[in-house]
Q: 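Below is one structure. I have some questions about it.
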Amino acid sequence: MRNNYLLRLVYLGAATVLPIMAHAQIEDVYAAFDARHLVAYLVAAFLISVFFMLFYNRLYYFREKQVSSDTEQMNAQLAMILESSQTETWTYDVNRVTFHTYSEQGKKETIYRPYNFSEFYDRDDFQAMLKMINDISNWEQRFGSLTVKSAPDKAHDGEQRIYNVTISILRYDRRNKPILLLGTQQDITEDQKKMAKTRDLALMYHTVFNTSLIDMIYFDANGVLSEINDNACEMLGVKDRQALIDSKLTLADLPVFEGVDFKTLDRMYTSSITKVKDIDRPMGTFAEGQEVVCYEQNVTTIRDQQGALTGVVLSGLNITDMVLAQQHEKANAKQLKETTDAIQTYIRNINYSLKVSDVRMVNYNPDTHVLEISSDLNQAQYRLTQVRAISLIVPKLHRKVEGLFIRMDNRRKGVITITLETLLRDDFGRHVFMNFNVMPITNEQGEVTHYFGMCRNETEMTYTEMKLQEEQAKAQETEQLKNTFLLNMSYELRTPLNAVIGFAGLYEGEHSEEDEPVFAEEIKKNTDVLLQLINDILFLSRLDARMIEHNYQLSDFAMLFEAWCYMGWANVAPGVKVIVENPYNQLMVNIDQQNLELVISKICLITANHTKEGTIRAKYEYRHGELMITIEDTGPGLSPKALSKVFDRFVHEEGMERQGTGLDMPIVKELVEQMNGTIEIQSELGKGAAVYISIPCEMASFDKKTEFLV
């Protein structure tokens, strides 16, 4: 289409100019120089000039359009190449001091001032980049390259990218001065990470390989020695490591591995006994100074992901000394008896250190007033002043420790042996107990120069002794309670039993028939007491053995509470007023009905037996998942001594009337505790008593009386 347009333009020009030229040829040559013909020639020349100007204008336009199209195509290709290689470009205008970035295949340009452009880079790195730009702008260097970091990315926990920036001159002015610089930056973050990881792995490998306490030798895939650590060189007697590596020693040169195919082997463990004189290998100095070498070695093959062999690692340990020691053990048996006497003297000297654990040596100098504690005679681990040493002791022992320091400052003779409780704590959070055994050291004149001794950690022993003392006290208390219980039980059983036997014996002697009803009544009464006592003992033993079953069921406690209270008050004295405060019409709770009934009825029975006048009051309330039960009376009350023993078995206060078997309150307490509850008694002599019981339970529903609403 473009060629057709040019042809039409040429044709138009020819059609305009050629007729004029033909007409001019017809005229006489002399007539051509008159004014009219001259004008015609000028017009023709002008038209020809216009034609050629239009022609060249169109030709330049189409060429420029072709160049622009080729440039856009090349820019697009360049942008794809830069994007695929993670490379970005920007330009720097030297005269305007601005940075220009391009995107979308170079179609969009963004201009930044240096301050704004610096926000993309680390501050120090951007300063270095500006210095390089100034050096290139001033012709101090033609181009430059440096590694910079980006500004921290707040959206990715402050991560910084790493770029390799190259700066060169893109355009000059007429004086050959740089006016436009080109900067290309390539993202090398991942490459840097890989290089750092590779470097760390290599460093770790070389560190482990060279600092290993065992012999390490590495062979390549062909079985040729590639690396050997210092321990292996020492074991082999190698003086020049590089010379050994250059000798191309192979696995086959080692006698123990002759004929072994490592290409199919994964791991192999071997132990060998080698005579040095029989070795005719490149390692001629093997095990220098030894006739026989006993060696353990572990061989591991290293393979790539495809399973191809890449190397073999040999790790070994010279166990010659251990083997020779075992071989010489029988031979040394004869010498053992001869050296026993000498060893006994040595044992007596160090016996003190051997019989204690965690031993430290103590040295105190009266001149410097410094206490040194260490496990090495050549170096003190701790240097403590008197004030610091005393501050580490519990306050109750400060005076005693101060006295010991004064004694040593006065250079008094005599061994000091003491166990001190410190403020230091062990792994279990307990105070550390240290035992000190210090003796004075004198000079030739018999004067005390310093004090030397040992201290040991006796924390475990001290706490064990304390625990044993506590357990011993508990055992003694338990034994005493057991003996008291057995004694009281024997007495309580014999009392009604003797009464039964006594009245039964009266029947055999002479007696009046009128007395027989009295005998029968006494026998029946004491038999009932004896039966109740036996039942309580058996029930209490079942409680102690945890054999009582607890059956929890949904029950109306409001209805049951009144019935249980009145059941216990069945034999209350006539002058006593009983009151039950029941704030609920209905209270459905999940309780152990049978055992809770026994608890409440027994307490009510005890209050009824001890209260001869006044009032007995029982009430309850449900709060925060617990039944709060209170039973109080205006009876004689209890003395502090009796109150402390109210839950003891077979215990009665002297001077008080005996009621019940003496096991009622212990049974009540044990039952309440087995129901996960608590019981408490408050009483004062002459002012009555109050029993408070708390039983945890779940409430299903309730109907509270209006007069009790708060």
Q: For Val362 and Met454, work out which heavy atoms get closest and say how close.
A: CG2-C, 4.1 Å
Q: Go through the side-chain N and O atoms of Asn595 and His550 and say whether any donor and acceptor fall under 3.5 Å apart.
A: yes
Q: Within the supplied structure, the quantity of interest is the number of heavy atoms (other residues, nucleotides, ligands) at a distance under 6.0 Å from Glu549 CD; does it exceed 12?
A: no
Q: With heavy-atom distances below 4.5 Å as the criterion, would you say the side chains of Ile393 and Thr422 are in contact?
A: yes
Q: What do you reckon, is CG of Asn571 surrounded by more than 12 foreign heavy atoms closer than 6.0 Å?
A: no
Q: State whether the number of non-hydrogen atoms from other residues, nucleotides or ligands found under 6.0 Å of Glu119 atom CD is greater than 12.
A: yes
Q: Taking all non-hydrogen atoms of both residues into account, name the closest pair between Met675 and Ile695 and its distance.
A: CE-CD1, 4.2 Å
Q: If I compare all heavy atoms of Gly429 with all of Arg425, which pair ends up nearest, and what's the gap?
A: O-NH1, 2.6 Å
Q: Please tell me whether Asn590 and Glu698 have a donor and an acceptor in their side chains that are separated by less than 3.5 angstrom.
A: no
Q: Can you give me the closest heavy-atom contact between Met628 and Ser694, atom names plus distance?
A: SD-OG, 3.7 Å
Q: Should we say atom CE of Met439 is surrounded by more than 12 heavy atoms from elsewhere, each under 6.0 Å from it?
A: no
Q: Suppose we screen for side chain to side chain donor-acceptor pair (under 3.5 Å). Which residues come up paired with Ser555, at least two apart in sequence or across chains?
A: Gln593
Q: Once ring pair (Phe, Tyr, Trp, His ring centres under 6.0 Å) is applied, do any residues pair with Tyr552, and if so which ones, sequence neighbours excluded?
A: none
Q: For this output row, return yes or no: ring centroids of Tyr620 and Phe557 closer than 6.0 angstrom.
A: yes
Q: Quick check on Glu159: does its CD atom have over 12 non-hydrogen neighbours (other residues, nucleotides or ligands) under 6.0 Å away?
A: yes
Q: Which heavy-atom pair separates Gly635 from Asp633 by the least distance, and what is that distance?
A: N-OD1, 2.9 Å
Q: Decide salt bridge (charged side-chain N to carboxylate O under 4.0 Å, His left out) for Glu458 and Arg456; before the verdict, give the C-alpha distance in whole Å, the side-chain angles of both, and the deciding distance to 0.1 Å.
A: CA-CA 6 Å; Glu458 286 192 346; Arg456 59 185 176 125; 2.3 Å; yes
Q: About how many Å separate CG of Leu605 and NE2 of His610, when rounded to the nearest 0.5 Å?
A: 10.0 Å
Q: Within this structure, what is the CD-CD distance for the pair Glu632 and Gln682, rounded to the nearest 0.5 Å?
A: 10.0 Å
Q: Please tell me if the side chains of His369 and Asp409 come closer than 4.5 Å, counting only heavy atoms from C-beta onward.
A: yes
Q: Using ring pair (Phe, Tyr, Trp, His ring centres under 6.0 Å) as the criterion, list what pairs up with Phe405, not counting sequence neighbours.
A: Tyr364
Q: Do you know the tightest heavy-atom contact between Cys604 and Ile631?
A: SG-CD1, 3.9 Å
Q: Salt bridge check, Glu460 against Arg430: does any charged N sit closer than 4.0 Å to a carboxylate O?
A: yes
Q: Under 3.5 Å, is there a donor-acceptor pair linking the side chains of Asp426 and Thr459?
A: no
Q: Give a yes or no on whether the ring-centroid distance for Tyr566 and Trp569 is below 6.0 angstrom.
A: yes
Q: Going from NZ on Lys669 to CD1 on Ile667, what distance comes out if it is rounded to the nearest 0.5 angstrom?
A: 13.0 Å
Q: For the rings on Tyr463 and Phe433, is their centre-to-centre separation under 6.0 Å?
A: yes
